[in-house]
Novice: 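Quick one: the structure is below, questions incoming.
Order of appearance sets the numbers: ligands from 1, and atoms from 1 within every ligand. It should be emphasised that the depicted structure is a prediction, and the values quoted were computed from it without experimental measurement.
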Amino acid sequence: MQLYKNQQLKVHNSLSGKKEPFEPINEGHIGMYVCGPTVYSNVHLGNCRTFMSFDMIFRYFKHLGYKVRYVRNITDAGHLENDADEGEDKIAKKAKLEQIEPMEVVQRYTVDFHNTLQQFNFLPPSIEPTATGHIIEQIEIIKEIIDNGFAYEINGSVYFDVIKFNETNDYGKLSGRKLEDMIANTRELTAQSEKRNPQDFALWKKAEPQHIMRWPSPWGDGFPGWHLECTAMSTKYLGETFDIHGGGMDLKFPHHECEIAQSEASSGKSPVKYWLHANMLTLNGKKMSKSTGNNIYPSEIITGENDILSKAYSASVVRFFMMQAHYTSILDLSDEALLASEKGYYRLMDGMDNVSKLNTGASSDFDVKSWLQKCYDAMNDDFNTPILISQLFEAVKHINLIKEGKESITEADKTLLQNTMTTFVHEILGIENQAAAEDNSQTLSGVVELLIGLRNEARSNKDFATSDKIRDELIALGIQLKDGKDGTTFSLK
Ligand SMILES: Nc1ncnc2c1ncn2[C@@H]1O[C@H](COP(=O)(O)OP(=O)(O)OP(=O)(O)O)[C@@H](O)[C@H]1O
Ligand SMILES: [Zn+2]
């Protein structure tokens, strides 16, 4: 795709609070980091919404022709139960509860995360680093921050000195908070706290003897602070200053504020040009959240096994529902909203099926080129997917009128319309045609059954060269045949 289409692309930068023209640091290239999940439990639909917003953004950048390096991490250590650097490590706590190794917890929920995202047709990120794989990098950053005078060691732990940092830098510029207000509003330090000030945050925590996830460091055995992990992994793969940092709104403070402070205190540079924040999915008007139990899991929606919704909804319908809201708006999940999305989804898929069957004429009543521009205008206005979808329905309206013979379209416009619909719906919004996918899988089953029949015939004729050839070539295509007493079955590898 030609780069001219992004000339007007604007993105909402949380740092300035404004929509700004998007200009990458290196022409034609984009570095994007998104905070990944802490893998201590199954991802709920709220988590999925944030990752889906950035999947759509990743897809659009790729479509515009950028070379994108998209880094989304896995937090597999160091995320404590609360923001005050107190409480247990979320993963260690779960491991104790289930009487398994912390790394078994990590593996179990990383697999769940990947499976869930695959169901929703996500593209994999370019790099998916883990926090525990980057301990050395984190220790190096802590040393720099200490050397620059912005952190102190106490009792085997290292804390970031927020008050010292704020003397020369602005702590709070992302979240719009003022340190004086934070100090005024903070409760007194608890007696057992070793921090100099309640606003200080942990870069490194000393591991108590019973803490399993521990690494050696210049300050003794311990583990890294959650905020530091993202600084280490983003700068390692994207550089000291990169284009986009994303995450849910709930991470703006303290997590992202601390990331800025850590970078400024180590490299002296502001780490990110554009901070993008996705808004929350709510249920009954409240944020979906693991800790409060106010949530629904994707598998519960797809199977319909839940007490909240009246029926099951497919992953494609759920994705369509999410894309109908702007990524910076709150979205509430309800049966009515999903039912409406389901109707809309099928109307859109029918429209797309009908385009190819349209009769063409000498002129067009539908100005496809200016419609196409409106689709780009919507996406270039801070990825406005609801406006884009209203444009897609505008096209469906014309498709139906052309089908009924009330309007006409030229062959060239029909091709452009068909290609544009496919591009925006499948490639950019990532919405699949569920029925077509099911049809394809039925066709595949039919073809494999036919080959199994031919192989059986060859075997009964003692033509083993042919029967082995069919089996081996299917294996090469990723299809495994299994002979049992009830006949031959197949599975996809
Ligand atoms: N209700 C929600 N809607 C949208 N995004 C959410 C929601 N809840 C969490 N997220 C996002 O999911 C991502 C993964 O976060 P993480 O694994 O740390 O979840 P969490 O904070 O433990 O979840 P929870 O808030 O449910 O306890 C983060 O980017 C976070 O902003
Ligand atoms: Zn992060």
Novice: Determine, for Lys96 against Glu88, whether the closest basic-nitrogen to carboxylate-oxygen distance falls under 4.0 angstrom.
Specialist: yes

Novice: Determine whether the side chain, the backbone, both or neither of Asn47 has a heavy atom under 4.0 Å from any heavy atom of ligand 1.
Specialist: both

Novice: Got a salt bridge between Lys206 and Glu194, using NZ or NE/NH1/NH2 to carboxylate O under 4.0 Å?
Specialist: no

Novice: Does some non-hydrogen atom of His79 fall short of 4.0 Å from ligand 1?
Specialist: yes

Novice: In terms of atom number and element, which parts of ligand 1 are under 4.0 angstrom from non-hydrogen atoms of Pro37?
Specialist: 17 (O)

Novice: Could you tell me whether Asp250 and ligand 1 have an N or O pair separated by under 3.5 Å?
Specialist: yes

Novice: Using a 4.0 Å cutoff against the non-hydrogen atoms of Thr50, which atoms of ligand 1 qualify?
Specialist: 4 (C), 5 (N), 6 (C), 11 (C), 29 (O)

Novice: Which ligand 1 atoms are under 4.0 Å away from a heavy-atom of Ser291?
Specialist: 27 (O)

Novice: Do Thr328 and Asn279 have side-chain atoms, one donor and one acceptor, less than 3.5 Å apart?
Specialist: no

Novice: Identify, for atom 25 (O) of ligand 1, the protein heavy atom at the shortest distance, and state residue, atom and that distance.
Specialist: Lys287 NZ, 2.6 Å

Novice: Flag the pair Arg59 and Asp55 as a salt bridge only when some basic side-chain nitrogen lies within less than 4.0 angstrom of an acidic carboxylate oxygen.
Specialist: yes

Novice: Determine the interplanar angle of the Tyr66 and Phe22 rings, folded into 0 to 90°, and report it as parallel if under 30°, tilted if 30 to 60°, perpendicular if over 60°.
Specialist: perpendicular

Novice: Could you tell me the residue and atom name of the protein heavy atom closest to atom 24 (P) of ligand 1, and the distance to it rounded to 0.1 Å?
Specialist: Lys290 N, 3.5 Å

Novice: Are His245 and Glu259 close enough that a side-chain donor and a side-chain acceptor fall under 3.5 Å?
Specialist: yes

Novice: So, is His227 placed with an N/O/S atom under 2.8 Å from the Zn ion (ligand 2), counting both backbone and side chain?
Specialist: no

Novice: Below the 3.5 angstrom mark, is there an N/O of Met249, backbone or side chain, next to an N/O of ligand 1?
Specialist: no

Novice: Among all the protein's non-hydrogen atoms, which is closest to atom 6 (C) of ligand 1, and how far away is it?
Specialist: Gly46 O, 3.4 Å

Novice: Do you know the tightest heavy-atom contact between Met52 and Arg319?
Specialist: SD-CG, 3.7 Å

Novice: Could Arg72 and Phe54 be counted as a cation-pi pair, given that NZ or CZ must be under 6.0 Å from the ring centre and within 45° of the axis?
Specialist: no

Novice: Counting from 1, what ligand 1 atoms have a heavy atom of Met280 closer than 4.0 Å?
Specialist: 1 (N), 2 (C), 3 (N), 4 (C), 5 (N), 6 (C), 7 (C)

Novice: Could an N or O of ligand 1 be found under 3.5 Å from any N or O of Met288, whether backbone or side chain?
Specialist: yes

Novice: Using distance alone, decide if ligand 1 has a nitrogen or oxygen within less than 3.5 Å of any nitrogen or oxygen in Asn279.
Specialist: no

Novice: Using a strict threshold of under 4.0 Å (side-chain N to carboxylate O), is an ion pair present between Lys374 and Glu394?
Specialist: no

Novice: Please work out, at 4.0 Å between heavy atoms, whether the side chain, the backbone, both, or neither of Leu281 comes within that distance of ligand 1.
Specialist: both

Novice: According to the interplanar angle, ranging from 0 to 90°, do the rings of Trp226 and His255 count as parallel (below 30°), tilted (30 to 60°) or perpendicular (above 60°)?
Specialist: parallel

Novice: I need the single residue from Tyr159, Phe165, Phe160, Phe150 that forms a ring pair (Phe, Tyr, Trp, His ring centres under 6.0 Å) with Phe201. Which is it?
Specialist: Phe160

Novice: Can you report which non-hydrogen protein atom sits closest to atom 17 (O) of ligand 1, along with the distance?
Specialist: Thr38 N, 2.9 Å

Novice: What atoms of ligand 1 come closer than 4.0 angstrom to any heavy atom of Lys90?
Specialist: 22 (O)

Novice: Cation over ring, Arg69 on Tyr237, under 6.0 Å and within 45°?
Specialist: no

Novice: Within ligand 1, which atoms have a heavy atom of Phe51 less than 4.0 Å away?
Specialist: 13 (C), 14 (C)

Novice: Hey, does the Lys NZ or Arg CZ of Lys397 hover above the aromatic six-ring of Phe393, less than 6.0 Å from the centre and inside 45° of the axis?
Specialist: no

Novice: Give the numbers and elements of all ligand 1 atoms closer than 4.0 Å to a heavy atom of Leu251.
Specialist: 28 (C), 29 (O), 31 (O)

Novice: I would like to know whether Phe113 and Phe51 meet ring-ring contact (aromatic ring centres under 6.0 Å, His included); could you show each step before the answer?
Specialist: CA-CA 11 Å; Phe113 176 61; Phe51 299 124; 5.3 Å; yes

Novice: Should one rank Tyr327, Trp226, Tyr40 by closest heavy-atom distance to atom 22 (O) of ligand 1, which comes out on top?
Specialist: Tyr40

Novice: Between the Zn ion (ligand 2) and His256, is there an N, O or S atom separated by less than 2.8 Å?
Specialist: no

Novice: Which residue holds the protein heavy atom closest to atom 29 (O) of ligand 1, what is that atom called, and what is the gap in Å?
Specialist: Gly248 N, 3.3 Å

Novice: If the Zn ion (ligand 2) is the vertex, what is the angle to SG of Cys35 and NE2 of His255, rounded to 10 degrees?
Specialist: 120°

